[in-house]
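Side chains included, hydrogens not; waters and symmetry mates left out as well; all remaining heavy atoms used. Just follow the structure's listing: the first ligand is 1, and inside any ligand the first atom is 1. Throughout, residue positions are numbered sequentially from 1 according to the sequence presented.
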Amino acid sequence: MIIPKSREEIELMRESALIVSKTLGMLAPEIKPGVTTLQLDKLAEEFIRDHDAVPGFLGLYDFPNSLCMSPNAQVVHGIPNDTPLKEGDIISIDCGAIKNGFYGDHAYTFEVGEVAPEVKKLLDVTKESLYVGIREFKAGNRVGDVGYAIQKYTEDHGYGVVRELVGHGLGRTMHEDPEMPNYGKRGRGKKFVEGMVVAIEPMINMGTKRIKQLPDGWTILTADNKPSAHFEHNVALVDGKPELLSTFKYIYESLNIKSKEEDEFRAKVYD
Ligand code: MG
Ligand code: MG
């Protein structure tokens with residue numbers, strides 16, 4: 001059952017989302033060769049607690065840490081460890097925070113130093129597909145419209161769309177109805193309702209869409225060991241249009257990147 005949120009609840013969810021956005025922004029300059037994912041995890045936990053929030057993933061389904069840290073061929077749900085990141089790696093960081101009883105949950109794939117051009121392309125296309133998908137999250141549309149848009153955009157680039165893991169509704173629990181697959185058919189699935197909040201999160205592989213899991217019971221990686229990217233935003237349906245609750249602007253500020261992607265997204269939604 002989809003649980004729509006009131007305007008007041010959506011503002012609280014924006015607060016939770018922004019704590020995650022700021023956490024990712026704080027981490028961005030720390031992501032360089034030599035740092036371990038466990039060190040980054042500690043920084044994130046402290047930062048979240050300093051903002052009067054609670055790490056959203058720590059202990060959730062018994063996950064052992066505050067961040068899911070998935071380098072290179074890992075898709076999602078990687079566990080932080082002592083292995084230093086190295087030049088040319090990519091690292092997908094998924095972060096959750098709970099404040100006022102509501103979850104924020106979003107993700108960004110970072111470059112460690114200089115990455116290969118074909119890897120950079122995978123990151124760019126995956127992030128673009130996130131906005132392409134979010135634009136379909138609007139009144140009158142259904143779950144399949146978002147999935148179709150993401151699938152079409154990324155498959156047209158020759159990439160594989162992970163099937164087993166999907167986006168989701170978000171609220172007082174981390175995973176609410178509806179499931180939001182990154183693949184689908186136009187006009188199929190549950191209809192969107194005003195006030196609902198979702199996490200839209202394409203998980204896109206450079207090669208095969210197939211995945212495998214490590215014996216740790218958590219880590220998902222690509223079946224062909226080629227890289228995978230993951231970008232996630234939290235979005236509310238307000239006045240029939242998608243409103244971003246999360247932002248990557250803190251990441252871009254930290255890294256001195258000039259990005260207009262969120263402004264361009266809003267321009268397309270409100271034109
Ligand atoms: Mg997430
Ligand atoms: Mg999520």
Side-chain angles (χ1 to χ4, degrees), residues 2-3 5 13-14 16-28 37 40-41 44-45 47-48 53-71 74-80 90-99 102-110 123 126-127 129-131 133-134 137 143 146-147 150 161-184 196-205 211 218-221 228-237 242 244-248 250-251:
I2 294 174
I3 307 169
K5 277 75 183 173
M13 291 198 69
R14 190 192 309 277
S16 305
L18 288 179
I19 288 170
V20 175
S21 303
K22 288 172 185 170
T23 304
L24 294 173
M26 177 277 298
L27 289 173
T37 49
L40 297 171
D41 181 74
E45 178 172 357
F47 187 90
I48 292 167
V54 176
F57 299 165
L58 186 64
L60 184 70
Y61 315 118
D62 289 329
F63 189 76
N65 291 87
S66 296
L67 300 177
C68 291
M69 288 291 218
S70 311
Q74 294 188 9
V75 179
V76 286
H77 301 168
I79 299 175
I90 54 171
I91 177 77
S92 297
I93 303 185
D94 199 346
C95 179
I98 312 165
K99 182 152 187 174
F102 285 102
Y103 275 85
D105 162 32
H106 51 282
Y108 193 92
T109 301
F110 294 86
L123 303 190
T126 303
K127 182 145 59 76
S129 80
L130 171 63
Y131 295 102
I134 294 173
F137 179 60
V143 164
V146 171
I150 293 171
V161 179
V162 173
R163 299 298 200 273
E164 292 85 348
L165 298 134
V166 297
H168 49 93
L170 189 68
R172 291 187 183 277
T173 54
M174 170 80 171
H175 295 111
E176 290 187 356
D177 252 9
E179 288 197 341
M180 296 287 295
N182 300 303
Y183 57 92
M196 69 187 290
V197 177
V198 293
I200 297 179
E201 48 180 314
M203 290 158 253
I204 306 300
N205 300 344
I211 54 164
W218 279 104
T219 311
I220 304 291
L221 64 170
S228 183
H230 180 210
F231 291 88
E232 178 177 19
H233 266 314
N234 299 152
V235 196
L237 192 62
L244 295 179
L245 301 183
S246 52
T247 176
F248 296 148
Y250 300 108
I251 296 173

Practice task
Would you name the heavy atoms of Val235 and Ile200 that are closest together and state the gap between them?
Solution key: CG2-CD1, 4.4 Å

Practice task
Determine the minimum heavy-atom distance between Met180 and Val143, stating which atoms define it.
Solution key: SD-CG2, 3.9 Å

Fill in the blank from the handout: Of Phe57, Tyr61, Tyr103, the one forming a ring pair (Phe, Tyr, Trp, His ring centres under 6.0 Å) with His175 is Tyr61

Practice task
For the Mg ion (ligand 2), decide whether Glu201 has an N, O or S atom at a distance under 2.8 Å.
Solution key: yes

Exercise for the section: Assess His168: does it contribute an N, O or S atom lying under 2.8 Å from the Mg ion (ligand 2)? Expected result: yes

Problem - Under 2.8 Å: N/O/S of Asp105 next to the Mg ion (ligand 1) - result: yes

Practice task
Count the heavy atoms of every other residue, nucleotide or ligand shown that sit under 6.0 Å from CD of Glu45, and state whether that count exceeds 12.
Solution key: yes

Problem - Which N, O or S atom of Glu232 lies nearest to the Mg ion (ligand 2), by name - result: OE2

